[in-house]
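Input: a single structure, listed below in structure tokens.
We name chains A, B, ... by the order of the sequence lines, and we start the count at 1 in each one.
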Number of protein chains: 2
Amino acid sequence: MKQLFITLLCLLAGILPAFTQENPEYKVRLSHITVDPVQLKEYNAFLKEEIEASMQLEPDVLILYAVSEKEHPHKITILEIYANEAAYQNHIQTPHFLKYKQGTLHMVQELELIDTYPLIPELKIKEAAKHEYPYK
Amino acid sequence: MKQLFITLLCLLAGILPAFTQENPEYKVRLSHITVDPVQLKEYNAFLKEEIEASMQLEPDVLILYAVSEKEHPHKITILEIYANEAAYQNHIQTPHFLKYKQGTLHMVQELELIDTYPLIPELKIKEAAKHEYPYK
């Protein structure tokens with residue numbers, strides 16, 4: 001009830017347009033995955049193969065950027081950006097996604113999927129510059 | 001104590017190399033920020049200005065990708081990728097970062113900074129393809 005109130009408050013405060021105006025079609029999600037620590041090496045191999053296949057074979061899977069917490073390496077977060085809902089629906093029917101999903105079901109202890117709005121949807125990851133520090 | 005045990009278990013299981021071998025220099029972090037809902041619009045404006053300045057002016061701030069949870073818009077997560085630790089240390093001394101930090105201190109209710117290892121550090125966000133769906 002408190003969460004509903006806060007959500008409504010945010011909507012009334014008019015903050016959502018700042019997060020949606022640039023490209024309302026993008027589907028952007030955070031996946032929080034807790035993996036069985038003793039199966040983490042195998043899980044990571046599955047995930048890496050799945051991400052590499054998705055990035056190579058699916059033009060509208062814009063990124064699946066997975067990170068592992070340094071202090072809790074079995075806690076994984078994936079920033080997922082799809083061009084639109086159709087891209088996501090297509091993604092979850094691909095052979096590489098199904099292989100990952102079925103292959104890791106018994107390794108995943110918790111899965112939380114959080115739908116989000118991006119603040120600046122068109123932002124891209126840059127190449128690292130080659131100069132020396134400090135450059136101020 | 002349990003967390004320490006799990007971390008050690010993961011280290012022993014040899015999973016960390018999968019998350020570090022490609023580019024050990026990258027500094028990759030998740031920032032979880034809970035904003036005072038009534039000040040969220042103003043907070044978002046500060047954050048957007050800060051990110052745009054960082055992306056334009058700092059070659060080795062590779063991305064600051066901010067998302068807002070649809071169900072709790074005042075909960076923000078930022079995936080932060082810096083080319084290395086020096087890039088981050090430089091970033092937090094820039095005028096645009098200090099303006100954001102000082103301007104939003106009273107708006108932030110919670111701040112959690114989580115250091116991470118990226119699974120595939122060199123991954124980039126693609127442009128959305130222009131074709132029609134379904135493309136299977």
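- The heavy-atom pair separating Tyr65(B) from Pro121(A) by the smallest distance is OH-O, 3.4 Å.
- With a 4.5 angstrom heavy-atom cutoff, Ile81(A) touches chain B only via side-chain atoms.
- With a 4.5 angstrom heavy-atom cutoff, Leu123(B) touches chain A via backbone and side-chain atoms both.
- By the 4.5 Å heavy-atom criterion applied to side chains, Thr104(B) and Ile33(B) are not counted as neighbours.
- Proximity to chain B is limited to the backbone of Leu64(A), based on heavy atoms less than 4.5 angstrom apart.
- Side-chain contact annotation: Gln89(B) with Glu85(B), donor-acceptor N/O pair under 3.5 Å present.
- Scanning all heavy atoms of the two residues, the minimum distance from Lys70(A) to Thr116(B) falls at CE-O, 3.6 Å.
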